[in-house]
Amino acid sequence: MTTGTAADVLARLVDGDPLGLRARLRRRAAERFLLASPDGLFGPAAAHCARQAEGYRGRPAPEPWLERELDAVLDRWVAGTRGRDGDSKGGAGAGGGDGRSGASARGARTGGAVGGNGVTASAARHGDGELERCARRFNACGRAERATLWRLAFAGASLDELAHESGTDLSRTARRARRALDALLGRSEVAR
């Protein structure tokens, strides 16, 4: 991956996805409780990794390096989608810098949403702007709120189980889930 120009590396990365960027993006988004489309973020992620590969000299090891770079792509995407269409106020979530490239900006506009619930990115790419707005609102929530609703809705955890694991009472855990659900559905301010 580290030989040649950024354009050479990019050409290799997009030819069959040899590093499994889509699967890695899907996994990292799920680990961070984000609704994101691996297909919509593949182009920006490949371009970012190709640019960063020019300076990569084998340290850190390839796996942690790639995870860090994909986290940077997700951070920019979340930060870049906050506040669009008046959906969220920004400030919460997994922020990062905002100096997105053109490819990254296009990915943010067409990224759509996908989660453990089986929602497909194609719905967002085919005009379902509401799906994209729901994902932006959810992603702008704090990690605790996202994690609580994600685990309830997609992982089948019970409210009692989540309260016990987090060391909080049932009412507080339920409020976290409710704030994330309200944000997802556009019924309130973004959970902070």
* Asked: Between F138 and L34, is any pair of side-chain heavy atoms under 4.5 Å apart?
  -> no
* To do: Could you tell me whether the side chain of N139 and the main chain of L35 form a donor-acceptor pair under 3.5 Å?
  => yes
* Any chance you could measure H48, atom NE2, to L21, atom CG, to the nearest 0.5 Å? => 11.0 Å
* Could D182 and R137 be called an ion pair, given the rule that one side-chain N must be under 4.0 Å from one carboxylate O? -> no
* **Side chain proximity check, C49 to L70, heavy atoms < 4.5 angstrom** => yes
* Asked: Which is it for L149 and F33 under the side chain to side chain contact (heavy atoms under 4.5 Å, CB included) test, yes or no, and what are the steps along the way?
  -> CA-CA 9 Å; L149 184 59; F33 309 105; over 6 Å; no
* Backbone N/O of R68 and side chain of D71: donor-acceptor pair under 3.5 Å -> no
* In chain order, what residues pass the salt bridge (charged side-chain N to carboxylate O under 4.0 Å, His left out) check against R151, with sequence neighbours excluded? -> E165
* Asked: Mind checking what makes salt bridge (charged side-chain N to carboxylate O under 4.0 Å, His left out) contact with E63, not counting sequence neighbours?
  -> R24
* Please lay out, stage by stage, how R27 and E67 fare under the test salt bridge (Lys or Arg N to Asp or Glu O under 4.0 Å). => CA-CA 10 Å; R27 183 177 47 77; E67 296 297 316; 2.7 Å; yes
* Residues in side-chain contact (heavy atoms from CB on, under 4.5 Å) contact with T168, at least two apart in sequence or another chain -> S166, R172, T173, R176
* **Rounded distance (nearest 0.5 Å) linking atom CD of E31 with atom CG of L74** => 10.5 Å
* R22 side chain near L25 side chain, heavy-atom distance below 4.5 Å -> no
* Write down the atom of D15, the atom of P18, and the distance for their closest heavy-atom approach. => O-CD, 3.7 Å
* To do: If the plane angle is over 60° it's perpendicular, under 30° parallel, otherwise tilted; pick one for Y56 and W65.
  => tilted
* **Heavy-atom pair of closest approach, residues L170 and D160** => CD1-OD1, 3.3 Å
* To do: Give the minimum heavy-atom separation between P44 and G40, together with the two atoms involved.
  => CD-O, 3.7 Å
* Can you name the residues that form a side-chain contact (heavy atoms from CB on, under 4.5 Å) with A177, not counting sequence neighbours? -> T148, L152
* Asked: Same hydrophobic cluster for W150 and L162, using side-chain heavy-atom links shorter than 4.5 Å among ILVMFWY?
  -> no
* Does any N or O in the side chain of E161 come within less than 3.5 Å of the main-chain N or O of S158, such that one atom is a donor and the other an acceptor? -> yes
* Do side-chain atoms of R179 reach the backbone of E145 as a donor and acceptor pair under 3.5 angstrom? -> no
* Donor-acceptor pair, R187 side chain versus L184 backbone, under 3.5 Å? -> no
* To do: Sequence neighbours left out, what passes side-chain hydrogen bond (donor to acceptor under 3.5 Å, both in side chains) with S171? Give chain and number order.
  => R175
* To do: Please report the closest heavy-atom contact between E54 and A6, naming both atoms and the distance.
  => OE2-N, 3.3 Å
* Structure fact -> Closest non-hydrogen atoms of A46 and V14, given as atom of the first, atom of the second and distance, are CB-CG1, 4.0 Å
* Structure fact -> The side-chain hydrogen bond (donor to acceptor under 3.5 Å, both in side chains) partners of D17 (sequence neighbours excluded) come to none
* Do L41 and R26 have side chains that get closer than 4.5 Å, going by heavy atoms? -> no
